[in-house]
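These notes concern the structure reproduced below.
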Protein chains: 2
Amino acid sequence: MGLSKSDLFSKEHNEIAALARAFAHPARVAIVFHLLETKDCINGELVLELGLAQATISQHLRELKELEIIRGTIEGTKMSYCINPDKWFEIKQVFDTMFDQFEQPTDGDCC
Amino acid sequence: MGLSKSDLFSKEHNEIAALARAFAHPARVAIVFHLLETKDCINGELVLELGLAQATISQHLRELKELEIIRGTIEGTKMSYCINPDKWFEIKQVFDTMFDQFEQPTDGDCC
DNA sequence: TAATTTCATCGCAATATTACGATTATCGAG
DNA sequence: CTCGATAATCGTAATATTGCGATGAAATTA
């Protein structure tokens with residue numbers, strides 16, 4: 001069948017998966033990196049930067065926006081997008097916590 | 001059309017996306033968390049833990065294994081999986097670097 | 001050796017994602 | 001108000017992902 005019976009999994013696991021999904025496509029990674037560098041951009045700029053159609057980029061932007069990773073404000077006839085600092089730190093926190101969960105197996109080698 | 005014209009994107013962006021994909025499904029997140037906690041587990045244990053079929057979990061394990069996030073060794077008729085420490089730290093590094101790329105917009109508010 | 005246990009793989013169905021052309025809505029310029 | 005520019009949305013095709021039953025392979029046990 002299809003996708004994720006999300007009620008099988010804990011809220012935490014579902015949330016991490018949802019956040020990871022945001023970065024699970026190179027176009028969205030590229031968009032985020034572009035925003036990290038220029039801290040201000042428009043859809044059209046990205047259409048030139050990446051080689052994707054306007055509709056496609058708009059769709060990726062919407063996904064990032066729905067997760068509140070980015071914010072957009074209308075700037076005349078253009079749009080200005082930027083990283084949402086609060087969410088950015090929240091995500092960083094979530095992943096940091098996960099990565100720090102790992103303990104080196106001091107005793108023997110496990111496998 | 002379909003998926004990612006991965007040659008449109010930089011090697012770095014593709015790699016981040018591939019790593020993020022590993023965590024982009026709650027079942028895989030749950031598996032990783034289970035390994036983080038018990039640092040040793042078998043497929044069958046996970047079938048009880050999560051509510052998925054044996055074949056499904058085996059498939060998720062394979063994806064994690066292909067990315068070298070986990071390793072598995074044969075233990076009699078069972079399998080013993082564990083986190084791959086080297087890869088774990090590498091991934092942590094990749095994400096840390098990305099998250100630290102963000103600079104708070106000191107001057108004005110951008111959007 | 002035959003039965004059992006455990007996991008991987010195959011093949012397929014169901015669903016999600018990605019991509020894009022076409023259309024629509026909004027704003028600024030003339 | 002009309003036109004041009006810009007980005008969101010719609011509809012749809014192509015592709016990827018998930019999930020699982022059935023089957024297969026390898027080791028253990030009886």
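Bear in mind that the values here come from a model prediction, so they are computed numbers and not experimental data. In what follows, every chain begins at residue 1, and chains take the letters A, B, ... in the order their sequences are listed.
- Here salt bridge (Lys or Arg N to Asp or Glu O under 4.0 Å) pairs that include residues 50-64 of chain A, with residues two or more places apart or in two chains, are A:R21-A:E63, A:R28-A:E63.
- Taking the side chain to side chain donor-acceptor pair (under 3.5 Å) definition, one finds that B:E45 meets it with B:H34, sequence neighbours left out.
- Pairs of residues two or more places apart, or lying in two chains, never qualify as ring pair (Phe, Tyr, Trp, His ring centres under 6.0 Å) while including a residue from residues 36-56 of chain A.
- Distance from the side chain of A:A53 is smallest to C:dC20 among C:dT18, C:dC20, D:dT18.
- Rounded to an integer number of Å, the gap from B:L46 CG to D:dC20 C1' is 17 Å.
- Ring pair B:F102/A:W88 is tilted by interplanar angle, where 30° to 60° counts as tilted.
- For A:H25, no side-chain nitrogen or oxygen approaches OP1 or OP2 of D:dA16 to under 4.0 Å.
- Going from atom CD1 of A:I74 over to atom C1' of D:dA5 covers 15 Å, rounded to whole Å.
- The aromatic rings of A:F95 and B:F23 sit perpendicular to each other, their planes meeting at more than 60°, with 30° as the lower class boundary.
- Taking every heavy atom of residues 54-67 of chain B and every atom of DNA chain D, pairs under 4.0 Å involve B:A55, B:T56, B:Q59, B:H60, B:E63, by number.
- For the side chain to side chain donor-acceptor pair (under 3.5 Å) test, no residue two or more places apart in sequence or in another chain qualifies with B:D86.
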Identify the pairs formed between an N or O of the protein and an N or O of nucleotides 1-6 of chain C at a distance under 3.5 Å, and give each distance.
{"unit_1": "C:dT6", "atom_1": "O4'", "unit_2": "B:T77", "atom_2": "O", "d": "3.4"}
{"unit_1": "C:dT6", "atom_1": "O4'", "unit_2": "B:T77", "atom_2": "OG1", "d": "2.9"}

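- Annotation: side chain of A:L61 is in contact with side chain of A:Y81 (closest heavy-atom distance under 4.5 Å).
- Proximity of A:R28 to the phosphate of C:dT18: a side-chain N or O atom is located under 4.0 Å from OP1 or OP2.
- Atom CZ of A:R21 is separated from atom P of C:dT15 by 18 Å (rounded to the nearest Å).
- Comparing D:dG19, D:dT17, C:dA8 by their closest approach to the side chain of B:Y81 singles out C:dA8.
- In B:K78, the NZ atom is not crowded: 12 or fewer heavy atoms of neighbouring residues, nucleotides or ligands sit closer than 6.0 Å.
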